[in-house]
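Note that the structure is predicted; figures quoted are calculated from it, not measured. Only this structure's heavy atoms are used, side chains among them; waters, hydrogens and symmetry mates stay out.
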Amino acid sequence: MRRIFSALISLAVTASAAGAAERVRFAVTEIEGLEQLQTEFGPFRDKLGELTGLEIELQPVSSRTSAVEAMNSGQLEFALTGPSEYVVMHELTKAQVIVGWQRPDYFAQIVTIAGRGIDTVGDLRGKKIAFGSAGSTSTHLGPAQALSDQGLADKTDYQSMHIDRNVAIQALINGDLDAVGMSFDHLRSARKAYPEIAFFVVARGRDLPNDALMASSGVDPQTVEAVRDAFAEHGPELLSAILANTDDNQKYAQGVFQSQIEDADYDYVRAMYNTIGITTFGTFIDE
């Protein structure tokens, strides 16, 4: 009788373990606080969990470096990050991009003000140009590449500096700067804030690579495929969940998910790093 009872207990424990959902942790590298992460990605977590059968835990990270450390120590399975950050995180963790999150109209520009004698990129030679945070895809690397593509070398043919975007726009208006590197969204905001100013785009880069959903090298391949398949088969549902509770995620509105993606799709970002003189990708240049 005791043997039968023990066997039943063992069978119950086995069945319970088999029925338990696999737990994975998900971070967004630009969001530090748990409350904000839950507000912006709670509905997405719930929908992805429903579609995959996974128990998804939102995990805040204090920086991209802490995300790297968490992945390397087995404490983080999935992370969403930007293109320039992906290149460094891939180098440091060997985590792979499994889904690209498209941002429509995601490209870099060099913006000046009409009527000030800067009509072509060549007119910026020797001038003062402000960029955003060092290493930013759309406000530093992308604008520098747009200038390089038209013949102006970083740190050689113009004076470059890193200034907060709002401060830089005001300095541009005041005449203290000759141009500012910014994204299309930033330019749209500037035109809304200063409708009387004739902002002029003197250079535009190509569309930038997608934000990257990365999977740690330690994640089971079947789990990776389950997540990738969810995006491939239920993209509109997941997008609706991402857009549900926040204005910040509207950058993904009208975008699509690219489930057929690989590391080589980010070689353009590596080329942008090369343009500013960085040829190895083992550190975040702004941390």
Applying a strict under-4.5 Å side-chain criterion to I, L, V, M, F, W and Y, I'd like to know whether [X] and [Y] cluster together.
X    : Y    : result
V227 : V97  : no
L92  : L80  : no
I197 : I110 : no
Y106 : L239 : no
I56  : M214 : no

Any side-chain to backbone donor/acceptor pair from [X] onto [Y]? Under 3.5 Å, distance only.
X    : Y    : result
E91  : V87  : no
D123 : T120 : yes
T280 : G282 : no
H140 : G135 : yes
Q96  : E262 : no
T112 : D178 : yes
N249 : F41  : no

Got a second to check how far [X]'s [atom1] is from [Y]'s [atom2], nearest 0.5 Å?
X    : Y    : atom1 : atom2 : result
R125 : I118 : CZ    : CD1   : 13.0 Å
L58  : Q36  : CG    : CD    : 12.0 Å
Q222 : T52  : CD    : OG1   : 13.0 Å
Q75  : S66  : CD    : OG    : 10.5 Å
L238 : F44  : CG    : CZ    : 6.0 Å
R45  : E40  : CZ    : CD    : 13.0 Å

For the residue pair [X] and [Y], establish whether any side-chain heavy-atom pair is separated by less than 4.5 Å.
X    : Y    : result
P60  : L37  : yes
L76  : Q59  : yes
L187 : R191 : yes
L147 : V121 : yes

Identify the two heavy atoms, one from [X] and one from [Y], that lie closest to each other, and give their separation to 0.1 Å.
X    : Y    : answer
A146 : G205 : CB-N, 3.9 Å
I129 : G181 : CG2-N, 4.5 Å
V111 : L172 : O-CD2, 3.9 Å
D157 : G151 : OD2-O, 3.6 Å
A215 : I98  : CB-CG2, 3.9 Å
H162 : S133 : ND1-C, 4.1 Å

| task | Measure from the ring center of F78 to the ring center of F26 and say whether it is less than 6.0 Å. | result |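 When the ring centroids of F78 and F26 are compared, they turn out to be at least 6.0 Å apart.
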When you look at M89 and T81, which way does the side-chain contact (heavy atoms from CB on, under 4.5 Å) test go after all the steps? CA-CA 9 Å; M89 290 184 68; T81 196; 4.0 Å; yes
With sequence neighbours excluded, tell me which residues meet side-chain hydrogen bond (donor to acceptor under 3.5 Å, both in side chains) with R188.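 For R188 the side-chain hydrogen bond (donor to acceptor under 3.5 Å, both in side chains) partners, ignoring immediate neighbours, are D185.
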Please enumerate all residues that pass side-chain hydrogen bond (donor to acceptor under 3.5 Å, both in side chains) together with E57, with sequence neighbours excluded.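 In terms of side-chain hydrogen bond (donor to acceptor under 3.5 Å, both in side chains), with neighbours along the sequence ignored, E57 is linked to R23.
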- Query: Step by step, would you call H234 with L48 a side-chain contact (heavy atoms from CB on, under 4.5 Å)?
  - Reply: CA-CA 9 Å; H234 302 278; L48 185 61; over 6 Å; no
Which pairs pass side chain to side chain donor-acceptor pair (under 3.5 Å) with one or both residues in residues 209-220, sequence neighbours excluded?
->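 Passing the test, one end in residues 209-220: R103-D211, N210-Q258, D211-Y252.
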Practice task
May I have the step-by-step check of side-chain contact (heavy atoms from CB on, under 4.5 Å) for F257 and L213, ending in yes or no?
Solution key: CA-CA 10 Å; F257 298 115; L213 176 60; over 6 Å; no
Test applied, ring pair (Phe, Tyr, Trp, His ring centres under 6.0 Å); reference residue, Y273; option that passes from Y86, Y266, Y268, F281:
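Passing option: F281.
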Distance-only polar pair, side chains of N166 and Q170, donor-acceptor under 3.5 Å =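 No - no donor-acceptor pair under 3.5 Å links their side chains.
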Counting heavy atoms not belonging to [X], are there more than 12 under 6.0 Å from its [atom1]?
X    : atom1 : result
K251 : NZ    : yes
D247 : CG    : no
E30  : CD    : no
E225 : CD    : yes
K155 : NZ    : yes

- Query: Are V180 and H186 close enough, and set up right, to give a side-chain contact (heavy atoms from CB on, under 4.5 Å), and what steps lead you there?
  - Reply: CA-CA 10 Å; V180 178; H186 297 156; over 6 Å; no
